Amino acid sequence: MEKFKPTKNLITNILWFLVIFLIISAIFSLLNPINYQQTQVSLDELVEKIKTEQVKQIIIKDNKITATLKDNSQIFTFKEPTISFIQLLDNFGVEPEQINKFSLTIKNTESQSFWLYFLIFGILPFIFIFILFWLFSKRIRGTGMEIFKFGESRAREIRPEKIHPRILFKDVANLKEAKEELTEIVEFLKNPKKFIKLGAKIPKGVLLTGPPGCGKTLLARATAGEASVPFFHISGSEFVEMFVGVGASRVRSLFAKAKKNLPAIIFIDELDAVGRTRGAGLGGSHDEREQTLNQILVELDGFEPNIGLIVLAATNRPDILDPALLRPGRFDRKIVLDLPDINGREQILKIHSKDKPLEKNVSLRDIAERTPGFSGADLANLMNEAAIKAAKANKKQISQQDILDSIEKVILGPERKSYLISEEEKKIIAFHEAGHAIVSHNLPHCDPVRKISIIARGQAAGYTLKMPEKDKYLHSRQEILDNIASLLGGYASEKTFLKDVTTGAANDLKQATELAKKFVCQYGMSEKIGPRTFGKTQELIFLGKEITEEKDYSPETARLIDNEINKIINDNFKRAQEILKKNKKAVKEITKQLLKKETLERSEFLEILQKIKNNDKTNS
Ligand code: ADP
Ligand code: MG
Ligand code: ZN
């Protein structure tokens with residue numbers, strides 16, 4: 001979107017008014033020429049000059065007679081409107097030969113002024129209005145409501161020479177397979193003959209899929225940068241407008257534009273916004289989307305392969321795309337991007353710390369180890385937050401600690417230190433978090449506790465940060481059960497030590513219940529019910545959320561499932577409670593330290609536990 005620049009707009013406005021003012025004053029001066037060198041004389045004097053042959057030229061305009069003398073000075077006088085100039089001279093007794101001595105011009109002021117008046121009153125207002133509209137529409141475009149050209153494509157064309165700095169594959173870390181696939185496309189755009197000669201067909205459409213922030217948009221830009229061809233970029237969400245039919249005509253003009261600039265790349269970002277399965281929406285809005293989608297299909301079919309036009313598209317929801325989009329000859333090549341693994345994360349961190357001065361002892365490998373599950377965008381954000389943190393402290397370089405501290409900010413949002421809580425509430429939160437931490441620590445399949453804090457962050461009043469040691473792609477049955485127990489640890493701790501529970505556990509309970517439900521209905525991990533799935537969730541398109549659930553099982557099974565979920569929750573709640581009862585001392589000590597320090601790092605946490613153990617040994 002265009003950036004709104006108030007000062008620049010003001011200057012152009014003032015310039016425009018100046019130009020208009022100058023034009024108007026020029027026209028008026030044409031109408032009423034004021035010549036200060038002219039002197040008014042009487043008719044007699046003029047006749048006298050004619051008779052003595054001093055006059056070179058006479059111009060008559062209406063009743064004004066302007067004479068240029070032989071010495072180039074000008075005089076003027078007026079006649080009566082009813083009498084012609086020749087008649088007048090005759091009356092004054094001027095001889096016809098003397099009339100022939102000067103040139104006589106009679107200006108038809110009627111028609112001349114008609115044109116001038118027409119110009120001023122007929123055309124100028126329109127020009128004025130047009131200019132006003134133009135300025136107005138420029139403004140409006142700045143705010144994103146392009147109502148004056150709604151049929152046109154709003155795609156941004158990026159010419160290769162204009163990209164500064166040009167993004168290349170080397171700016172995209174990791175994603176090796178994806179880059180290899182796209183290199184092929186780049187080769188083709190650079191040297192199509194090589195492929196056509198061998199009868200190779202290059203795909204028209206390539207679909208990039210992957211979780212948000214994994215680099216889809218970045219990779220598409222890099223492809224354009226490598227191929228150095230014009231790049232037309234439009235986002236699916238921009239198609240969805242208030243006027244029906246706009247989306248379709250945008251698609252049409254987008255493809256028309258690209259075809260004029262071959263070879264070219266069209267990039268449709270967030271394809272799922274228009275490319276969802278047709279006929280599944282509610283309300284009127286899906287009509288517009290269907291038209292847009294149909295137009296995309298028409299355009300994809302409408303050009304020959306191998307003409308040098310490649311359509312790239314990106315989505316993080318390939319599962320909900322209309323099957324028609326994925327038919328051969330359309331987006332027939334799919335490139336799946338994954339979240340980065342530890343090596344990928346290290347590379348991405350390296351790229352995003354290129355222009356940031358780091359202290360010598362900063363280990364990006366260490367940071368990569370601590371950020372499993374982070375996307376490329378998260379990591380870019382992390383380095384940026386670390387830089388901001390260092391700058392705020394007036395440091396010249398970013399330290400390891402700055403980066404580590406920023407991890408939580410990226411995960412949970414900024415700390416809310418100003419969030420005032422009473423001592424009583426602080427105690428509840430401390431017991432709650434200590435409960436999570438101790439239960440997690442005592443279960444073999446839970447991720448290690450990295451940090452415990454009772455400082456509010458984002459939505460949470462306090463938090464216990466757990467992080468796996470390695471990247472994980474699969475989760476075992478026992479791991480899920482342990483996680484349910486650990487989620488219930490906060491609730492169990494409040495109940496055990498404070499004899500009451502608060503609303504603070506609501507989110508934990510929700511997560512635990514959802515996990516238990518998946519355990520039974522999706523993962524087939526319940527021994528009683530067995531390996532099958534239950535329930536088909538159907539998407540309601542316009543919200544993009546799973547709302548309706550189709551029950552594909554009998555009411556009896558429903559009761560079984562309910563019972564099983566209840567049992568899982570209760571069993572694990574009991575497990576959590578038992579762990580807490582066995583470790584009363586530890587919970588109390590952690591709570592005490594939390595109230596004192598507010599935040600405990602892993603090392604401090606382990607130290608406290610070790611001390612308690614040692615004490616117990618010496619006591620017994
Ligand atoms: P999406 O997949 O949602 O389109 P983007 O391409 O917009 O993600 O990525 C957002 C940002 O994250 C990029 O601008 C870039 O800074 C960073 N990023 C993501 N993946 C990578 C990567 N593989 N290498 C370098 N930076 C990355
Ligand atoms: Mg994107
Ligand atoms: Zn909790």
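Computed from a predicted model, the values in this text were never measured in an experiment.
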Can you name the residues that form a side chain to side chain donor-acceptor pair (under 3.5 Å) with T217, not counting sequence neighbours?
D269
Do E598 and S453 pair up side chain to side chain, a donor and an acceptor below 3.5 Å, judged on atom types alone?
no
Residues K567 and S526: side-chain donor-acceptor under 3.5 angstrom:
no
P448 and R602, any side-chain heavy atoms less than 4.5 Å apart
yes
Checking side-chain polar atoms at under 3.5 Å, does D402 have a donor or acceptor matched by the opposite partner on S399?
yes
Kindly indicate whether the side chain of L358, heavy atoms from C-beta on, has any atom under 4.5 Å from the side chain of Q397.
no
Under 3.5 Å: donor-acceptor pair, side chain of K204, backbone of V311:
no
Test item: side-chain donor near acceptor, S493 and T496, under 3.5 Å:
no
Expected list for residues 333-341: side-chain donor-acceptor pairs under 3.5 angstrom, two or more places apart:
residue : atom : partner : partner atom : Å
R333    : NH1  : E184    : OE1          : 2.8
D341    : OD1  : N343    : N            : 3.4
D341    : OD1  : G344    : N            : 2.9

Can a salt bridge be assigned to the pair D616 and K585 using a cut-off of 4.0 Å between side-chain N and carboxylate O?
yes
Output every pair passing salt bridge (charged side-chain N to carboxylate O under 4.0 Å, His left out) with a member in residues 496-513, not counting sequence neighbours, ordered by first then second residue.
none
Contacts satisfying salt bridge (charged side-chain N to carboxylate O under 4.0 Å, His left out) that involve residues 440-454 (not counting sequence neighbours) are E408-K451, D447-K472, K451-E601
Using a strict threshold of under 4.0 Å (side-chain N to carboxylate O), is an ion pair present between K395 and E359?
no
For the rings on Y491 and H432, is their centre-to-centre separation under 6.0 Å?
no
Please list, chain by chain and in numerical order, all residues satisfying ring pair (Phe, Tyr, Trp, His ring centres under 6.0 Å) with F497, sequence neighbours excluded.
F431
Inspect the contact between E180 and K176 and indicate whether a charged nitrogen and a carboxylate oxygen are less than 4.0 angstrom apart.
yes
What one should report as the nearest heavy-atom pair of K466 and C446 is NZ-SG, 4.5 Å
Taking all heavy atoms of I569 and all of L488, pick out the closest pair and write down the distance.
O-CD1, 3.6 Å
Donor-acceptor pair between Q478 and H445 side chains, under 3.5 angstrom:
no
According to salt bridge (charged side-chain N to carboxylate O under 4.0 Å, His left out), does anything in residues 361-376 pair up with another residue at least two apart or in another chain? List the pairs.
E346-R365
